[in-house]
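Structure record follows, encoded as structure tokens.
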Amino acid sequence: MMNYSNVDVWIQNASVLNEDGQLQRSDILIQGGKVLAILSSGWYQSADDRMIENENEEMLVYDAEGKLVTPGLIDMHVHLREPGFEHKETIESGARSAAQGGFTTIACMPNTKPVTDNPETVKLVLDKAKEANLVNVLPYAAITKNELGRELTDFEALKAAGAIGFTDDGVGVQNAQMMKDAMTKAAALGMPVIAHCEDDSLVEGLYVSEGEFAKKHGIKGIPNESEAIHVGRDVLLAEATGVHYHVCHVSTEQSIRLIRLAKSIGVNVTAEVCPHHLVLSDEDIPGMDANWKMNPPLRTPRDVAACIEALEDGTIDILVTDHAPHSAEEKAKGMLLAPFGIVGFETAFPLLYTEFVKTGRWTLDFLVRRMTQDPARVFGLDAGKLQVGATADLAVIDLELEKAVDPDQFATKGRNTPFTGRALSGWPVMTLVAGRLVFGAELAQSVNG
């Protein structure tokens, strides 16, 4: 029999997904930032000599009352804007927004100012994240200097500084030899190349996809081939170099066909998809509102269906938000002039839960895996687990809580979302990082409270 003393956090009556993907009622004990025990609810009342001795008077107790407790969500594609664009977001505000969305680990893109293409900027990002002291922030570094596609960065120095992979996200690497050289260097270091796939010659000056919306408004649209051409090129280069090649924000049927083929012949390729490319198509765009402008753009219903199927069959491995905050003034410039991007941290889980789990298409276990253990597996992270001995990065989610999306309640500086007013269920209400409350602390109480 064990005597659980000096417990830091005690979550009571949690609904936890077991190995079979079924919910079971459990208590979770956390000590020293780690999961100490996961016990059947009611253990405390029925165990004479397993009582928690109140040696730690600061122990926090939270009665989850059946709410879902999952490993902390992981988002491997986000934009925190700092350094250089702090009017859009800071590392602190972005990390706070992530925590409010149930995320405990996020990977930030290098298209900052200056670009994260040198060890000093990598260190700045890590220092700012440490100062914020909220969620785990993992920086990507640029493939090319200033993301100009002309000269490779110093991959060895960037890895040593703490970068977890290389990407020119925001722009595609246009030169095939440059991309092959990058993959060769990354493979030698055991690092992934993460690709924004976009052929500039097919998209310059365009801002919506080549579909019904473009036809209706007499606009030349961005063709699907602009994405797929780079995917096809890069899977061949990945096959030749042996690098782990990861495709950003997949949005087209053609890209999916190429990724599926590459996987079938053993190419080390993985892929991600965003919630908005699973629940919205170009036919949903209500008008020239730039909150519906994103890159990749919303595609056709056929592409949406292909993305959903690809996530379900494993062709696409993980879910990401591509959280991309902008100021209200920037988005007010309209479809033509406004920057691409929408925010995503705080709506991601409820949006997907409402659209796919509540409707019966997905199991809850499937959604949680695609947002936790699968990204951890793809990128080799020690995260995404709710088990004894694991770091206590956890999200508490109220599956019964339904409310409308209200950007004024966001923690991010960005308000740029197409989901304003949409009624969603399954909202995160508490987030812990290494057993420390970073969101929802007002819900917990001291053992003496």
Side-chain angles (χ1 to χ4, degrees), residues 76-77 107 109-111 115-119 122 138-201 225-252 254-273 296 310 314-318 320 374-381:
M76 297 304 297
H77 187 142
M109 290 297 175
N111 53 339
V115 170
T116 309
D117 62 0
N118 59 81
V122 172
L138 310 176
Y140 291 119
I143 293 172
T144 65
K145 293 183 178 180
N146 271 325
E147 292 195 333
L148 294 175
R150 298 171 186 163
E151 183 181 357
L152 292 180
T153 56
D154 186 340
F155 282 21
E156 292 85 355
L158 289 163
K159 178 181 180 180
I164 63 159
F166 304 105
T167 179
D168 274 5
D169 185 59
V171 291
V173 176
Q174 302 302 304
N175 184 285
Q177 185 64 56
M178 184 72 64
M179 189 56 134
K180 186 175 183 181
D181 290 346
M183 288 184 174
T184 300
K185 283 182 173 289
L189 293 171
M191 297 281 275
V193 166
I194 299 92
H196 175 113
C197 293
E198 188 172 37
D199 187 309
D200 286 353
S201 67
E225 300 82 56
S226 63
E227 176 180 286
I229 284 171
H230 269 204
V231 174
R233 178 199 73 178
D234 289 351
V235 294
L236 291 172
L237 298 177
E239 182 182 26
T241 61
V243 76
H244 171 199
Y245 168 62
H246 182 77
V247 187
C248 287
H249 41 48
V250 173
S251 67
T252 73
Q254 293 90 331
S255 297
I256 289 164
R257 290 204 304 265
L258 293 164
I259 295 165
R260 187 174 283 127
L261 174 61
K263 286 192 169 192
S264 74
I265 61 173
V267 179
N268 187 11
V269 56
T270 56
E272 65 188 38
V273 68
T315 302
I316 294 176
D317 301 83
I318 64 172
V320 301
D374 288 338
R377 169 185 54 82
V378 166
F379 286 93
L381 306 179

Check: In terms of heavy-atom contacts, does NZ of Lys145 have more than 12 from other residues, nucleotides or ligands at under 6.0 Å?
Finding: no
Note to self: In the structure I gave you, are the side-chain heavy atoms of Leu381 and Met76 within less than 4.5 Å of one another anywhere?
What the structure shows: yes
Margin query: Restricting to non-hydrogen atoms, name the atom on Leu138 and the atom on Ile164 that form the minimum distance, rounded to 0.1 Å.
Written below: CB-CD1, 3.7 Å
Checklist line | Partners passing side chain to side chain contact (heavy atoms under 4.5 Å, CB included) against Ala141 (at least two apart in sequence or in another chain) | finding: Leu158, Ala163, Phe166
Checklist line | CG-CG distance between Asn146 and Asn118, expressed to the nearest 0.5 angstrom | finding: 9.5 Å
Item checked: Shortest non-hydrogen separation from Ala142 to Thr153 and the atoms involved -> O-OG1, 2.8 Å
Check: Hey, are the side chains of Gln254 and Val231 touching, using non-hydrogen atoms and a 4.5 Å cut-off?
Finding: no
Check: For Val250 and Ile256, which heavy atoms make the closest approach, and how far apart are they?
Finding: CG1-CG1, 3.7 Å
Notebook entry, point to check: Where is the tightest heavy-atom contact between Cys197 and Asp234, given as atom of each residue plus distance?
Noted result: SG-OD2, 4.2 Å
Note to self: Pair Thr270, Ile318 - check side-chain contact (heavy atoms from CB on, under 4.5 Å), show working.
What the structure shows: CA-CA 8 Å; Thr270 56; Ile318 64 172; over 6 Å; no
Next item on the list: Could you pull out all residues at least two apart from Ala160 that satisfy side chain to side chain contact (heavy atoms under 4.5 Å, CB included)?
Entry: none
Next item on the list: Examine distances only and state if a side-chain atom of Glu227 and a backbone atom of Ser255 form a donor-acceptor pair shorter than 3.5 Å.
Entry: no
Checklist line | Distance in Å, Ile265 CD1 paired with Arg260 CZ, rounded so as to fall on 0.5 Å steps | finding: 14.5 Å
Notebook entry, point to check: Hey, does Tyr140 have a side-chain heavy atom less than 4.5 Å from the side chain of Thr116?
Noted result: no
Notebook entry, point to check: Less than 4.5 Å apart, any side-chain heavy atom of His196 and any of His230?
Noted result: no
Notebook entry, point to check: Between NE2 of His246 and OG1 of Thr167, what distance do you get to the nearest 0.5 Å?
Noted result: 9.0 Å
For residues 176-194, please give each side-chain donor-acceptor pair under 3.5 Å, one per line with the distance, not counting sequence neighbours.
{"unit_1": "Gln177", "atom_1": "NE2", "unit_2": "Asp181", "atom_2": "OD1", "d": "2.9"}
{"unit_1": "Thr184", "atom_1": "OG1", "unit_2": "Lys180", "atom_2": "O", "d": "2.9"}

Notebook entry, point to check: Under 3.5 Å, is there a donor-acceptor pair between the side chain of Gln174 and the main chain of Gly172?
Noted result: yes
Check: How long is the gap from OG1 on Thr252 to CG on Leu258, to the nearest 0.5 Å?
Finding: 8.0 Å
Note to self: How close do Pro110 and Glu147 get, counting heavy atoms only, and between which atoms?
What the structure shows: CG-OE2, 3.5 Å
Item checked: Heavy-atom pair of closest approach, residues Asp168 and Ile143 -> OD1-N, 2.8 Å
Item checked: Test side-chain contact (heavy atoms from CB on, under 4.5 Å) applied to Val269 and Val247, step by step -> CA-CA 8 Å; Val269 56; Val247 187; 4.0 Å; yes
